[in-house]
Amino acid sequence: MENTELPPEEHPVESGTCSNCNSPISPEEVYCSNCGYPENGDEKEKDKFQRRIDAKKGLLKEVKKEVKKGKNTLIVLGILNAIAGIYYGFVVEDVLTGVIEGILGIVYLGLSIWSDKQPFGALLSALILYLTLVLLLAILEPVTIFQGIIWKILIIGFLVRGIKSGHEAKNIYKELDELGIKY
Amino acid sequence: MMPEATTALAFQCTDCDYESDQDFKFCPKCGAKRIYQEHEPNPFKSKHLKSLLAYFFISMLFLIIYKVSEDHWIGLLEDVILVCTVLGVIDLVFALYNGKESFLFGFKNVKIKPMGLLLLGLVAFAFVVSFLADFLNQNLSDGYYFDAFAFGQPLWVVVVLQCIYPAVFEELAFRGFLINNLRALSNDRTAIGVSGFLFAIMHINFLGLLWLLPIGLLFGYLRIRYNTLWYGITGHFVYNFVITLIDNGSQF
């Protein structure tokens with residue numbers, strides 16, 4: 001590839017580029033048609049654009065905190081199941097229960113790792129697994145549904161909020177991407 | 001409805017009177033975003049997630065009640081036929097509710113080479129799983145995994161209930177409408193991951209997670225890549241058929 005093209009900053013003025021996203025913009029256009037940046041607008045408009053981005057970034061931070069709580073819930077569930085697996089397997093010597101608890105522990109920890117990449121999918125999977133287990137135990141022994149009910153509500157609450165936030169985070173990333181902000 | 005003006009250019013701003021013959025994402029005159037993709041902020045209010053959760057927990061509740069019943073409802077074989085019928089009807093109702101995109105029965109992307117590789121791989125995998133399941137059963141408990149219903153039944157009954165039924169209906173659900181729902185909510189990776197995971201836990205066999213999850217992920221990936229259900233259906237049939245032959249082959 002020969003270097004015959006001019007770098008963006010040396011483009012003639014009549015076909016300038018947007019300083020936010022580098023796409024071409026003509027002087028009569030106030031806003032960039034690609035990212036909405038007021039390239040040829042006044043300071044007030046530029047300030048407004050910046051505040052829009054700051055608001056989205058602030059929201060993203062809040063949402064990420066909720067995702068983190070969901071992830072931590074999965075880590076706690078994973079560790080508790082793993083401990084239960086070791087207890088049943090080696091102390092009580094009920095190997096089947098031990099192996100099942102151990103597998104559940106690994107699944108929760110695996111989902112917690114996946115939640116870094118796809119928080120919505122990982123936390124949704126975990127919530128459905130958790131509810132399935134609660135349902136299974138409740139049908140086997142109805143009284144179990146009330147055991148540790150506060151913990152159950154807390155776990156479900158953290159997971160639901162994490163799912164909502166994971167979904168929201170993706171929308172915010174998309175909107176920031178449209179505004180020409182790269183992450 | 002937009003009135004058709006003969007002088008109007010192809011792309012108009014939704015907020016001001018700006019129009020252009022070139023597409024734009026943001027209006028160059030007022031800065032408003034042109035393409036409004038309303039994001040539903042709460043996924044639990046979207047019909048895709050509601051439909052997914054409703055399908056999963058209705059089927060799951062029914063399956064759990066069946067699995068934990070100590071006595072037969074009618075008889076061993078009759079119960080299996082009843083369960084398959086009820087679950088099949090639930091699958092069909094949700095598939096129809098989710099529209100014709102659930103029924104991806106096109107043959108266009110069915111190619112001999114990937115299909116052959118898939119089937120060879122699944123036959124080998126079936127032998128490994130069968131060996132592993134036997135090992136786990138012998139070492140962990142009696143009859144935890146063993147499915148007794150096939151014993152003493154004619155081959156065609158077992159093939160219909162254990163091979164054809166799951167191949168068609170489970171694929172229609174997990175690789176049909178569930179994966180579509182998940183795609184509408186999120187991206188392809190999430191759709192493959194979650195549908196494979198739900199497929200694995202729907203079998204209510206905790207040890208089985210070890211081999212059901214990879215199979216679910218593989219079928220989901222093939223469904224997304226080739227946009228047809230046939231890899232899943234054929235693969236699922238062949239895999240279940242080989243497992244059936246290994247477990248019960250001597251009786252036929």
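So that the names make sense, note that chain A is the first sequence line, chain B the second, and so on, each numbered from 1.
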Would you find more than 12 non-hydrogen atoms of other residues, nucleotides or ligands less than 6.0 Å from [X] atom [atom1]?
X	atom1	value
Phe127(B)	CZ	no
Lys68(A)	NZ	no
Tyr87(A)	OH	no
Arg189(B)	CZ	no
Tyr88(A)	OH	no
Tyr18(B)	OH	yes
Ile65(B)	CD1	yes
Ile74(B)	CD1	yes

Under 4.5 Å heavy-atom distance to chain B, tell me which part of [X] shows up: side chain, backbone, both or neither.
X	value
Val99(A)	side chain
Val107(A)	side chain
Leu129(A)	both
Ile106(A)	neither
Lys170(A)	side chain
Arg52(A)	side chain
Leu124(A)	side chain
Leu123(A)	neither
Ile103(A)	side chain

What distance separates [X] [atom1] from [Y] [atom2], expressed to the nearest 0.5 Å?
X	Y	atom1	atom2	answer
Leu131(A)	Phe57(B)	CG	CZ	4.5 Å
Leu133(A)	Phe206(B)	CG	CZ	5.0 Å
Leu127(A)	Leu53(B)	CG	CG	7.5 Å
Phe26(B)	Glu29(A)	CZ	CD	13.5 Å
Ile139(A)	Met60(B)	CD1	CE	9.5 Å
Cys21(A)	Lys25(B)	SG	NZ	7.5 Å

So which atom in [X] and which in [Y] form the shortest heavy-atom distance, rounded to 0.1 Å?
X	Y	result
Pro43(B)	Phe120(A)	CB-CE1, 3.9 Å
Thr190(B)	Gly121(A)	CG2-CA, 3.4 Å
Ile64(B)	Thr132(A)	CD1-O, 4.3 Å

Original post:
Picking from Ser33(A), Gly36(A), Cys32(A), which has the most non-hydrogen pairs under 4.5 angstrom with chain B?
Top reply: Ser33(A)

**OP:** Would you mind telling me which of Asn40(A), Val30(A), Ile128(A) has the largest number of heavy-atom pairs within less than 4.5 Å of chain B?
**Re:** Ile128(A)

Subject >> Pairs of heavy atoms under 4.5 Å with chain A: top-ranked of Leu49(B), Leu213(B), Leu185(B) >> reply: Leu185(B)

Subject >> Winner by heavy-atom pair count (cut-off under 4.5 Å) against chain A, out of Leu61(B), Leu182(B), Leu210(B) >> reply: Leu61(B)

**OP:** For the residue pair Lys67(B) and Leu136(A), establish whether any side-chain heavy-atom pair is separated by less than 4.5 Å.
**Re:** no

Original post:
Salt bridge between Glu178(A) and Lys33(B), side-chain N to carboxylate O under 4.0 Å?
Top reply: yes

